[in-house]
Asker: 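A single structure is presented below for examination.
None of these values were measured; they are calculated from a predicted model. Heavy-atom basis, side chains included; hydrogens, waters and symmetry copies ignored.
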Amino acid sequence: MGVTVKDLKTYTNIYNIDFGEKFVFFKFGADWCIPCNELDKVLANVENSLLYHISIDNEEFESFFMENKVYTVPDTIIKYKNKTHRFQGVKTNEQINKILDDMKENN
């Protein structure tokens, strides 16, 4: 499911929130992107997490995409406490859980 972020100010405000023990996913993608939709299904099953969608078709984020080299979708940032992890493409449940476990251990 997830929440759609419509502007850069909202993204920045959400990104700067301390969500404590929750994993926060910021998925850059598009409704027409089949791999993006596949990743949504995987991320929907992650417990103790929040999912935010940012559309690459949103011109509000054009400079952000360039500065952060978002060239391929899906492109996902995971935030946990003060750690972040970024990946491109689709991951399996097992791969996502491994990333989350590593983030927990290294925090």
Side-chain angles (χ1 to χ4, degrees):
M1 188 99 176
V3 175
T4 300
V5 178
K6 298 187 184 213
D7 60 65
L8 191 53
K9 182 179 179 184
T10 301
Y11 167 80
T12 303
N13 288 340
I14 293 168
Y15 188 86
N16 289 324
I17 293 172
D18 179 357
F19 287 95
E21 295 290 322
K22 283 202 180 288
F23 289 97
V24 183
F25 294 91
F26 297 96
K27 187 193 66 122
F28 300 91
D31 292 339
W32 49 261
C33 169
I34 293 171
C36 298
N37 294 324
E38 290 299 315
L39 182 59
D40 281 346
K41 293 174 190 172
V42 173
L43 297 180
N45 293 318
V46 177
E47 292 183 21
N48 196 33
S49 70
L50 299 169
L51 172 59
Y52 292 96
H53 299 276
I54 298 98
S55 174
I56 60 160
D57 295 327
N58 185 340
E59 291 179 8
E60 169 79 24
F61 286 91
E62 190 172 336
S63 63
F64 176 88
F65 297 145
M66 297 299 284
E67 290 169 14
N68 291 280
K69 297 179 172 83
V70 177
Y71 302 129
T72 305
V73 291
D75 193 323
T76 307
I77 298 171
I78 307 169
K79 182 179 175 197
Y80 178 72
K81 295 186 178 183
N82 63 346
K83 301 284 184 195
T84 60
H85 178 87
R86 182 175 172 185
F87 67 89
Q88 295 175 333
V90 179
K91 301 279 187 203
T92 65
N93 283 329
E94 293 78 19
Q95 290 170 315
I96 294 290
N97 286 329
K98 171 79 169 102
I99 293 167
L100 301 182
D101 288 344
D102 289 347
M103 290 179 79
K104 265 187 167 179
E105 286 179 19
N106 294 323
N107 204 330

Asker: Do the side chains of V3 and L8 join up, straight or via other hydrophobic residues, at under 4.5 Å, putting them in one cluster?
Answerer: yes

Asker: Can you check whether F28 and F61 have ring centres sitting under 6.0 Å from each other?
Answerer: no

Asker: Could you walk me through whether I56 and F65 pass the side chain to side chain contact (heavy atoms under 4.5 Å, CB included) check?
Answerer: CA-CA 8 Å; I56 60 160; F65 297 145; 4.2 Å; yes

Asker: Check for me whether K79 meets the cation-pi criterion with Y15, that is, NZ or CZ under 6.0 Å from the six-membered ring centre and within 45 degrees of the ring axis.
Answerer: yes

Asker: Measuring from atom CD of E94 to atom CG of N97, what distance do you get when rounded to the nearest 0.5 angstrom?
Answerer: 7.0 Å

Asker: For side chain to side chain contact (heavy atoms under 4.5 Å, CB included), just list the numbers for E21 and N48, CA-CA rounded to whole Å, side-chain angles, deciding distance to a tenth of an Å, and then say yes or no.
Answerer: CA-CA 8 Å; E21 295 290 322; N48 196 33; 4.2 Å; yes

Asker: Taking the side chain as every heavy atom from C-beta outward, state whether L51 and D40 have any pair of such atoms under 4.5 Å apart.
Answerer: yes

Asker: Which heavy-atom pair separates S49 from F25 by the least distance, and what is that distance?
Answerer: CB-CE1, 3.7 Å

Asker: First locate atom OG1 of T76, then atom CD1 of I96, and finally report the distance between them rounded to the nearest 0.5 Å.
Answerer: 7.0 Å

Asker: Can you label the angle between the Y52 ring and the F19 ring as parallel, tilted or perpendicular, going by 30° and 60°?
Answerer: tilted

Asker: Check whether W32 and V90 end up in the same hydrophobic cluster, where Ile, Leu, Val, Met, Phe, Trp and Tyr are linked by side-chain heavy atoms less than 4.5 Å apart.
Answerer: no

Asker: Is it possible for you to say whether V73 and I77 belong to one hydrophobic cluster, with membership spreading through side-chain heavy-atom contacts below 4.5 Å?
Answerer: yes

Asker: Take atom CD in Q95; do more than 12 heavy atoms of anything else shown fall under 6.0 Å from it?
Answerer: yes

Asker: Looking at OH of Y71 and CD of Q88, how far apart are the two atoms once the value is rounded to the nearest 0.5 Å?
Answerer: 10.5 Å

Asker: Measure across F23 and M103 and return the closest heavy-atom pair with its distance rounded to 0.1 Å.
Answerer: CE2-CB, 4.3 Å

Asker: Working to the nearest 0.5 Å, report the span between CD1 of I14 and CG of L50.
Answerer: 9.5 Å

Asker: Would you say V24 and V46 are hydrophobically clustered, going by side-chain heavy atoms of ILVMFWY under 4.5 Å?
Answerer: no

Asker: Determine, using the 4.5 Å side-chain heavy-atom cutoff (strictly less than), whether Y80 and L100 are members of one ILVMFWY cluster.
Answerer: yes

Asker: Of all heavy-atom pairs between N37 and A30, which one has the smallest distance, and what is that distance?
Answerer: OD1-O, 4.4 Å

Asker: Check the surroundings of atom CG in N45: do more than 12 heavy atoms from other residues, nucleotides or ligands lie under 6.0 Å from it?
Answerer: yes

Asker: Compare every heavy atom of P74 with every heavy atom of K27, then report the nearest pair and how far apart it is.
Answerer: CG-CB, 4.2 Å

Asker: What are the two closest heavy atoms between R86 and V70, and how far apart are they?
Answerer: NH2-CG2, 3.6 Å

Asker: Locate the shortest heavy-atom distance separating L39 from G89; write the atom from each residue and the value.
Answerer: CD2-O, 3.9 Å

Asker: When rounded to the nearest 0.5 angstrom, what is the spacing between CZ in F26 and CG in D75?
Answerer: 13.0 Å

Asker: To the nearest 0.5 Å, tell me how far I54 CD1 sits from D7 CG.
Answerer: 11.0 Å

Asker: Applying salt bridge (charged side-chain N to carboxylate O under 4.0 Å, His left out), can you list everything that pairs with K22, at least two apart in sequence or on another chain?
Answerer: none

